[in-house]
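Take this structure, written in structure tokens, and hold onto it; I'll ask about it next.
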Amino acid sequence: MVYAIVKAGGRQEKVSVGDTLVVDKLADEIGSTVEFQPVMLVDGENINTDAEKLAKVSVKAEIVDSAKGPKITIIKYKNKTGYRKRQGHRQPLSVVKITEIA
């Protein structure tokens, strides 16, 4: 079984061909192809972490969909002054499908 550890959206994710992955929003459009930088490649018994060899390896993925993360509520409050502030946030995300590890 071939899989790779890639840098995606500030995190490292374990991926293999056919996996879907949720990462921070990518600037590209839905249907376009993106390439991730591998940190480690495992091909059966062979484990590769050498930077020179990994520079030749590419992990390609297709952007399938866009999504939003869970709603986060931010509340600021100061006692005795009447100051209250409420704010919400939903992180934009992209859903990608791994198409090739080569």
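These numbers come from the heavy atoms of this one structure, side chains and all, not from hydrogens, waters or symmetry mates.
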Euclidean distance, Ser66 OG relative to Lys25 NZ, rounded to 0.5 Å: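 Reported to 0.5 Å precision, the distance equals 5.5 Å.
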
Donor-acceptor contact below 3.5 Å, side chain Thr20 vs main chain Lys97: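 Flag not set: sc Thr20 to bb Lys97 has no pair under 3.5 Å.
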
Verify same cluster id: Val17, Ile63 (apolar side-chain graph, 4.5 Å):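 Same hydrophobic cluster.
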
Audit row: Val23, Leu93, side chain to side chain contact (heavy atoms under 4.5 Å, CB included) steps and yes/no: CA-CA 6 Å; Val23 296; Leu93 304 169; over 6 Å; no

Interatomic spacing from CD1 in Ile5 to OG1 in Thr49 - rounded to 0.5 Å: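 The OG1 atom of Thr49 is 11.5 Å from CD1 of Ile5, to the nearest 0.5 Å.
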
Hydrophobic cluster membership, Ile98 vs Val57, 4.5 Å side-chain cutoff: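 Same hydrophobic cluster.
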
Straight-line distance of Lys14 NZ to Tyr3 OH, nearest 0.5 Å: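 One finds 4.5 Å between NZ of Lys14 and OH of Tyr3.
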
Stepwise side chain to side chain contact (heavy atoms under 4.5 Å, CB included) test for Val39 and Lys7: CA-CA 7 Å; Val39 177; Lys7 285 185 182 180; 3.7 Å; yes

Nearest atoms (heavy-atom pairs only) where Met1 meets Ser16: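 The answer is CE-OG, 4.0 Å.
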
Spatial distance of atom NZ (Lys85) from atom CD1 (Ile74) [nearest 0.5 Å]: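 So the gap between those two atoms works out to 9.5 Å.
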
Hydrophobic cluster membership, Ile101 vs Val34, 4.5 Å side-chain cutoff: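 Yes, same cluster.
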
Steps toward side chain to side chain contact (heavy atoms under 4.5 Å, CB included) verdict (Lys76, Tyr83): CA-CA 8 Å; Lys76 295 182 180 181; Tyr83 174 76; 4.1 Å; yes

Joint cluster assignment, Val59 & Leu54, ILVMFWY side-chain distance < 4.5 Å: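 Same cluster: Val59 reaches Leu54 through Ile, Leu, Val, Met, Phe, Trp or Tyr contacts under 4.5 Å.
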
Worked check of side chain to side chain contact (heavy atoms under 4.5 Å, CB included) between Val64 and Ile30: CA-CA 6 Å; Val64 178; Ile30 294 174; over 6 Å; no

Heavy atoms from other residues, nucleotides or ligands near CZ of Arg11 exceed 12 (cutoff 6.0 Å):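 Atom CZ in Arg11 is crowded, with more than 12 foreign heavy atoms closer than 6.0 Å.
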
Separation between OG of Ser94 and CG of Leu26, rounded to the nearest 0.5 Å: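 Rounded to the nearest 0.5 Å, the OG-CG separation comes to 4.5 Å.
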
Side-chain donor-acceptor pair present, His89, Gln91, cut-off under 3.5 Å: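 A donor-acceptor contact under 3.5 Å links the two side chains.
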
Side-chain heavy-atom pair Leu41, Val2 within 4.5 angstrom cut-off: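 Side-chain contact under 4.5 Å: yes.
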
Heavy-atom donor-acceptor pair, Thr99 side chain to Lys60 backbone, under 3.5 Å: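 Yes; at least one donor-acceptor contact below 3.5 Å.
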
Minimal non-hydrogen separation, Val6 against Pro38, with atom names: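 Smallest interatomic distance, heavy atoms only, reads CG1-CA, 4.0 Å.
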
Donor-acceptor contact below 3.5 Å, side chain Asn48 vs main chain Asp50: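 Yes, because the side chain of Asn48 sits within donor-acceptor range (under 3.5 Å) of the backbone of Asp50.
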
Check: Arg90 side chain, Gly69 main-chain N or O, donor-acceptor pair, under 3.5 Å: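 Side chain of Arg90 to backbone of Gly69, a donor-acceptor pair under 3.5 Å: yes, one is there.
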
